[in-house]
Amino acid sequence: MTTITRFAPSPTGMLHIGGARTALFNYLFARRNHGQFLLRIEDTDKARSTQAAVDAILDGMDWLGLKPDQEPVFQSRQSDRHVACAMELIEKGAAFRCYVTSEELQHRRERGEAARASAKQEGLSESEKSARFKEAEELLAPFRSPYRDGGTPPSPDAPFTVRLRAPDQTDIVLQDQVQGTVKVAANEIDDLVLLRADGSPTYMLAVVVDDHDMGVTHVIRGDDHLRNTFRQIPIYQGMGWPVPSFSHVPMIHGDDGAKLSKRHGALSTTAYRDMGYLPEALNAYLLRLGWSHGDREIFTLDEAAEVFSLDAINKSPARLDLAKLNDVNAHFIRACDPERLLNLLRPWLVEAAGHDLSDDIYKKIALALPTMKDRGQTLPELAEAFRFLWTSNADNLNKKARKSLSGDKISTLAELREIIAIVPEWRDTALQHALESYCSSNELSFGQVGPPVRAALTGGLPAPDLAPVMEWLGRDETLTRIDFHLARAEMQGE
Ligand code: GLU
């Protein structure tokens, strides 16, 4: 049988990173088993579903490379089928028409709460107290409809809901692939509504019908849905359908151990793109957040698809750890193809510079990129590291750079300028050689010679070794930057 998994988000907001991880697990499990990964947009809640949220989900999945194997299914378009299944459940005796109105139910709940409150009053005898508690318990227990075994409608045209007849005696046992065996007693399950009084299907019905119709064999989702599963299994049983395999994955928590919320920082998947993370880094990070394979930390999607398994999903909630995400991102930046990395960097370079950069600067950045790519854990950090390539920072020297460009350091700079100017081949090895031979013939250490050149070239901005910096800047720009400081010193009478 072909393995079919699905991701079934409700389009009521962004693609949350918890949702992205669920999508990732479903995607990997399908690939591992040479099956199919499907997407279903659960848009039955018309008031809360928006096109913008659908777009955000598609955009986030596309960015992460989690491509479904078929066009998405929109749950709201299947409602005729949901209604037909509810009718079939009535015919099979697994569901029934219920004429209890929502007002009556509300009234029942209120009576239950009042009984519970009154049981706590002072001055009641023990037997009075327990009688009231018992009454409260009955009224607040999962609802079992008086119509579950037939009954006449209060009037011929009385509105009704369609309810599933909850299991009478048999407890529901789930062999969850992550949580193990989980059991819920039959009396904890209510006669759940399948069709509302206005004829619209409920989520509980829709999710089961759609999963069945889409041929889903494995449901992998957040453990916030574990309780729902016990209400969904009787629907499968009522229809005579096979029950899929379930895996309920523990939630992601913040670094303080509390459930993830806005105060833990960005929750939306694409917010990570907007902060300069690579999609492969977020995938690798989310994968390890709740799943493990030995102590290996870094996987590409292809590598993970070779080894992903449900039994290696952790049973306890995972904690979001941004420092670790940064490390993983740095790894993927280093591993990134230089041409792609440059393209990813472009908007960040423009943002750092505050203006467009010339082709000449991009050429210099491309030249420097292989050496420089370990200088940032995120794209904006890395873009910032290239600043010295588009500005000499001459008007913004820090104290150290100013000191390196004063007194007798200026004559060192002037002498070096002449030597550098005639280096035959403008490559870092030749430039390094020129600097070193200047040092040895003048009996100077590199620590005496390097700082004025560095200050002239980068104006105190962070940069790697001098020789490659000169190579990337090119002969003209290198000499122009040095000449600027020599002329300024002359004007100031240094
Ligand atoms: N639509 C549900 C949600 O977004 C998921 C349902 C499911 O995975 O079964 O939480």
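Keep in mind the model is a prediction, meaning the values are calculated, not measured. One is the number of the first residue; the rest follow in order along the sequence. Atoms within each ligand, like the ligands themselves, are counted from 1 in listed order.
Atom 1 (N) of ligand 1 has as its closest protein heavy atom Glu42 OE1, 2.6 Å. His225 NE2, 2.9 Å is the protein heavy atom nearest to atom 10 (O) of ligand 1. Shortest contact from atom 5 (C) of ligand 1 to any protein heavy atom: Ala8 O, 3.2 Å. Distance from atom 8 (O) of ligand 1 to its nearest protein heavy atom, with residue and atom name: Arg6 NH1, 2.7 Å.
Between Lys324 and Tyr285 there is a side-chain heavy-atom pair separated by less than 4.5 Å.
Using a 4.0 Å cut-off between charged side-chain N and carboxylate O, Glu280 and Arg340 make a salt bridge. Salt bridge status for Asp149 with Arg165: present, with a side-chain N to carboxylate O gap under 4.0 Å.
Here Tyr203 has side-chain heavy atoms under 4.0 Å from ligand 1, and that is the only part of it that gets that close. Only backbone heavy atoms of Pro9 (N, CA, C or O) come within less than 4.0 Å of ligand 1; its side chain stays farther off. No part of His248 comes within 4.0 Å of ligand 1, judged by heavy-atom distances. The side chain of Val207, and not its backbone, has at least one atom closer than 4.0 Å to an atom of ligand 1 (non-hydrogen atoms only; side chain from C-beta on).
Other residues, nucleotides and ligands contribute more than 12 heavy atoms inside 6.0 Å of the CD atom of Glu128. Within 6.0 Å of CZ on Arg48 lie no more than 12 heavy atoms contributed by other residues, nucleotides or ligands.
The only member of Tyr27, Phe7, Phe308, Phe25 that meets ring-ring contact (aromatic ring centres under 6.0 Å, His included) when paired with Phe37 is Tyr27.
Between the side chains of Gln75 and Asp210, at least one donor N or O lies within less than 3.5 Å of an accepting N or O.
Those atoms of ligand 1 that come under 4.0 Å of a heavy atom in Ser10, given as number and element, are 1 (N), 2 (C), 3 (C), 4 (O).
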